[in-house]
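Within every chain, numbering begins at 1; the chains are lettered A, B, ... in the order of the sequence lines, protein sequences first and strands thereafter.
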Amino acid sequence: METLLQGTAEIRFTHPDDFRDWVRQHKRREMVEKLLTEREAISRYVADGDYIAYDFSSLTRGPQALVREIIRQRRKDLWVCAEFTLHETALLVGGGCASRIDVGFLGYGSYIGRAVSEGRVRVFDWTNGALASRMLAGARGIPFMPVRNLLGTDTLRRSGARVVNDPFTGDPVCLVPALNPDVFLVHVHQADAFGNARIFGTNLFALEAAMAARKVIVSAEEMVDPLEFRKDPSRTTLPYFLVDAVVHLPFGAYPAGLQARYELDLEHIDKLNAIQAEEQMQGYLAEYVYGVEDHAEFLDEKVGWRRLQDLARRATIREGYH
Amino acid sequence: METLLQGTAEIRFTHPDDFRDWVRQHKRREMVEKLLTEREAISRYVADGDYIAYDFSSLTRGPQALVREIIRQRRKDLWVCAEFTLHETALLVGGGCASRIDVGFLGYGSYIGRAVSEGRVRVFDWTNGALASRMLAGARGIPFMPVRNLLGTDTLRRSGARVVNDPFTGDPVCLVPALNPDVFLVHVHQADAFGNARIFGTNLFALEAAMAARKVIVSAEEMVDPLEFRKDPSRTTLPYFLVDAVVHLPFGAYPAGLQARYELDLEHIDKLNAIQAEEQMQGYLAEYVYGVEDHAEFLDEKVGWRRLQDLARRATIREGYH
Amino acid sequence: MVEFTDTECMICTAARLLEDRKTVFVGWGMPQLVAMLAERLYTPNLVQVFEFGAIGPQSLVPFVRGTMGGPTNVYRSLSWSNMNWAFAYAGTGYVDYGMIGAAQIDAYGNVNSTLLGGTYERPARRFPGSGGGNEVASLCWKTILVMKHEPRRFVERLDFMTSPGYLNGPGGREKAGLPRDTGPWRVVTSKALFGFDEETKRLALLGVLKGLSAGTVLEGMEFRPLVTERLEAIVPPTAEELRVLRQQIDPSGIVIRGEQMRAER
Amino acid sequence: MVEFTDTECMICTAARLLEDRKTVFVGWGMPQLVAMLAERLYTPNLVQVFEFGAIGPQSLVPFVRGTMGGPTNVYRSLSWSNMNWAFAYAGTGYVDYGMIGAAQIDAYGNVNSTLLGGTYERPARRFPGSGGGNEVASLCWKTILVMKHEPRRFVERLDFMTSPGYLNGPGGREKAGLPRDTGPWRVVTSKALFGFDEETKRLALLGVLKGLSAGTVLEGMEFRPLVTERLEAIVPPTAEELRVLRQQIDPSGIVIRGEQMRAER
């Protein structure tokens with residue numbers, strides 16, 4: 001297979017056979033309860049140096065509470081898949097947790113941009129679609145996925161993709177390597193104790209990433225009876241055997257919104273948007289992350305019931321989310 | 001891209017750019033009513049020589065009424081994607097409509113086997129999964145999909161797949177070419193006049209094939225208000241712009257069952273299973289296909305209201321199908 | 001004495017092989033009955049995966065013959081999805097067992113379910129082909145083959161290799177690019193149970209139906225499999241198994257019919 | 001005289017370009033407001049496609065800034081799916097228009113949204129990168145680029161080519177393997193509207209904001225675009241457009257704020 005062009009990025013690539021071995025040995029087929037606290041879940045399933053991915057966006061259903069717990073536990077040297085996310089990645093950089101970022105979409109605001117310019121974090125440029133395709137390849141157990149974009153650009157040259165001649169048409173085609181994250185974090189509307197999980201609305205690549213990842217941590221807005229999943233199997237987003245840990249975290253996406261459950265907290269988000277200097281970042285982390293024991297304390301002391309109720313009350317669009 | 005091995009099968013392959021051109025020119029983005037009779041739909045959208053695919057199985061939700069209409073209109077030289085189907089393909093061969101078959105799973109009973117042995121129809125061996133992967137490639141606008149099966153077998157050698165060295169692992173990997181059928185037939189639980197369509201339960205590759213196909217004919221068990229789709233967008237199987245024709249065909253899957261609507265008619269299916277000799281096949285076609293004007297007459301004269309009601313009454317499992 | 005059909009014998013023997021709390025990719029037809037029986041008697045927490053996208057159904061009885069996506073088969077699944085996702089679970093190593101049928105097998109467990117005799121273009125007999133069998137045999141960790149016991153089905157050279165066993169022997173699968181450490185694990189026939197020798201990857205007789213001798217079972221086979229020293233005596237279908245099969249799973253008797261057999265209890 | 005911001009001007013000019021009864025891939029941020037405005041005033045049957053999987057939403061106002069998958073944005077979609085499917089629609093040619101932002105463009109409509117200055121490893125300024133922009137610019141039929149009008153953004157050589165325009169000229173995209181007959185179609189800035197010359201694929205000035213001259217608009221650009229003979233006078237934001245934008249879409253005024261501009265009605 002002659003490579004016409006090869007991008008320069010370092011890639012986290014797992015041979016499909018090695019990933020299969022992991023699945024065989026570590027992913028439990030038995031229906032066992034996997035309910036953990038966020039502290040236990042992150043402590044057990046996120047290690048220094050891990051490659052982590054998450055779904056969905058920073059303003060809608062992002063796994064914010066889990067990300068804050070990673071920072072609280074001061075994980076180091078994470079490689080982050082920054083797909084359609086904004087603050088999570090910036091906070092992970094601010095907390096000194098992330099050293100490398102595969103870019104889909106790199107945060108916003110100037111904080112993270114400066115971290116890159118100053119060399120505190122290394123970025124590898126991909127695209128949102130390429131990362132989603134890489135995840136799909138990882139989820140199918142194949143080594144790469146062909147795509148018809150990236151071609152011709154610096155993004156390609158700085159990515160870890162390759163260009164080859166497609167044997168069927170003779171034309172150049174781009175191959176993106178499979179992505180098998182070490183950890184996938186996802187906040188869902190509903191889960192049971194075994195890990196069956198349901199998301200309402202759209203998602204980036206929830207099933208792809210859960211299948212492609214070694215370790216999957218689900219935080220759930222609400223816990224439901226296992227039979228609920230069997231009564232409406234089309235609504236199941238993740239079957240339990242993909243999932244390693246379930247954490248019951250109401251308002252787990254805060255300050256993002258969760259469709260049909262609560263609106264985003266724009267005021268708090270503006271606090272995040274305003275972070276530019278290192279001092280601001282560390283101030284934010286000290287107050288909202290390090291300064292609390294866990295998500296419950298965060299909600300209790302830093303947000304408050306009244307505000308949470310107000311955000312919930314404003315989530316009046318329920319159509320389609322059931 | 002050095003090919004280590006190339007299967008011998010003739011393939012129906014469309015350059016992704018040619019398929020894109022078709023979509024640009026022929027697939028209507030405007031919401032227009034596409035309600036046709038089955039006669040109009042087949043006459044307008046199925047041509048001699050077309051490559052056709054369908055979803056789901058012969059015993060569950062297969063597009064039987066549309067297939068009977070193709071036979072009634074005596075289409076010739078069709079190339080059939082025989083994925084997880086039984087009688088439809090046998091009937092198309094019996095009607096002299098099919099000349100080539102891409103085999104996933106080749107009917108059952110001896111009729112079709114003999115048609116192959118006698119050279120009345122040519123088969124190309126693939127697998128169900130390979131055909132589904134080909135459809136996925138067609139639906140993503142890419143020229144091929146890598147798979148890690150077929151390898152090492154005669155199925156590979158008789159297919160149109162290729163083996164190359166994967167540039168990421170160095171190991172051999174199989175590439176199956178994209179499939180872009182000329183026609184995709186699908187029977188759905190609900191549709192609106194524009195072509196928005198909903199299937200309940202599982203499917204083979206309904207969305208993949210609808211995106212990959214040049215022409216999509218939907219037969220719908222029931223017609224619903226367009227707003228229904230917008231009120232529950234997660235349930236939409238096909239958005240309207242993929243669909244060229246909508247035919248309202250209650251009991252359109254008969255003698256197959258349709259989940260939560262009616263059970264299959266095992267007695268009629270046994271008639272199909274019993275077909276071995278050419279005479280039997282022609283007798284069946286004469287009575288049930290050529291001998292009636294359309295699906296309504298078929299139901300009225302060959303099945304009868306009492307029987308249909310009985311099949312509907314027996315479809316008592318509704319959980320999950322809503 | 002107990003009387004049963006060869007089909008019933010295969011179903012019962014295969015059902016005892018499955019492991020509880022594991023995933024199994026269930027092929028169309030007889031494997032469905034095996035899984036249904038196992039779920040009722042031996043492996044209540046078996047997670048079935050069907051190629052058209054049902055994950056973990058709790059299938060209802062009676063079995064509706066010929067169907068695979070019907071409402072009774074997929075009753076109370078964990079997830080309803082589609083074929084590309086179903087095979088993706090197998091591709092990523094999530095499926096422990098696979099179970100498919102065969103028309104012929106060779107000494108390395110390679111499978112023919114495509115044709116017999118003649119040429120490829122004009123075979124003497126044409127069968128359904130791979131279906132999803134090639135995926136199952138390629139991607140699941142351990143594949144169980146189920147085949148009627150007829151010595152002529154054990155051949156030196158397959159008329160067509162539909163689905164991969166160990167190909168031409170040790171390392172053959174890996175060299176071809178198939179996933180590592182996969183391959184056929186058991187061959188269940190109506191009279192015997194085979195495994196594969198770890199070193200040579202050749203078929204090895206593990207057991208014979210109670211009352212039969214190894215010699216009888218192997219007679220007429222084109223190749224001679226290894227024979228394990230301590231041959232297991234396969235218990236014929238038990239009363240309980242037959243009761244569930246005949247009364248619950250296939251009361252019509254159409255699917256489980258076959259050649260009549262008998263054995264000592 | 002009418003007063004408006006540069007942001008408002010871009011949004012209004014872009015909204016008038018969209019075609020009713022067509023599909024458009026809507027990038028994050030400003031393109032969302034363009035589509036919302038167009039849907040309300042010009043193209044009620046526009047089918048929006050969002051990269052995270054919403055197809056054909058009837059987005060509610062007011063726009064919740066920063067969001068793309070929130071309940072108001074995706075209200076009453078035809079289908080809710082995910083990113084791989086969203087881009088598949090573009091890949092198969094189902095998406096007529098794409099609309100994305102840019103930090104720099106060159107004479108062939110190639111786009112930089114990744115970085116400015118310095119080295120790749122240590123850029124002087126780092127931007128979000130492609131997001132889904134590379135997919136949109138590669139796979140949709142006609143791409144509309146929206147960019148604040150600053151002459152220094154029109155460069156001879158991009159600091160980084162994030163998303164493809166016509167690459168190095170006619171045939172460049174096809175040679176690279178990009179889908180045939182695609183490419184940038186319009187560039188909307190706060191002062192001008194550009195297209196591309198059919199033969200040379202180079203940027204061509206099509207119109208300038210009413211009251212401005214071509215010379216003013218092109219001054220300071222690193223390359224000189226072609227200038228169409230009959231330059232269109234771009235009507236500044238109309239009262240109706242501004243009413244919908246300011247009262248319905250962004251009553252908070254945060255998203256549509258920007259540099260103040262004025263023009264003759």
Is [X] in contact with chain A via its backbone, its side chain, both, or neither, using a 4.5 Å heavy-atom distance?
X	answer
Thr182(C)	side chain
Val95(C)	backbone
Ala54(C)	neither

Mind telling me whether Phe241(A) and Tyr94(C) have parallel, tilted or perpendicular rings, with 30° and 60° as the class edges? tilted

Under 4.5 Å from any heavy atom of chain C - which part of [X]:
X	result
Asp17(A)	both
Asp232(A)	neither
Met211(A)	both

Would you check if [X] and [Y] make a side-chain contact, meaning some heavy-atom pair closer than 4.5 Å?
X	Y	result
Asp20(C)	Glu30(A)	no
Thr92(C)	Asn180(A)	no
Asp21(A)	Arg180(C)	yes
Arg29(A)	Asp96(C)	yes
Asn196(A)	Leu78(C)	yes

With side chain to side chain contact (heavy atoms under 4.5 Å, CB included) as the criterion, how do Leu227(A) and Arg76(C) come out once you've worked through the C-alpha distance, each side chain's angles and the decisive distance to 0.1 Å? CA-CA 8 Å; Leu227(A) 189 56; Arg76(C) 296 211 163 162; 3.5 Å; yes

OG on Ser79(C) to CG on Leu242(A), rounded to 0.5 Å: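 So the CG of Leu242(A) and the OG of Ser79(C) are separated by 9.0 Å.
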
So which residue, Phe87(C), Tyr75(C), Trp85(C), ends up with the most heavy-atom pairs under 4.5 Å with chain A?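 Looking at each of Phe87(C), Tyr75(C), Trp85(C) in turn, Trp85(C) comes out on top.
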
Considering non-hydrogen atoms only, spot the tightest contact between Ala139(A) and Ala88(C) and give its length. O-CB, 3.4 Å

Do side-chain atoms of Arg20(A) reach the backbone of Asp181(C) as a donor and acceptor pair under 3.5 angstrom? no

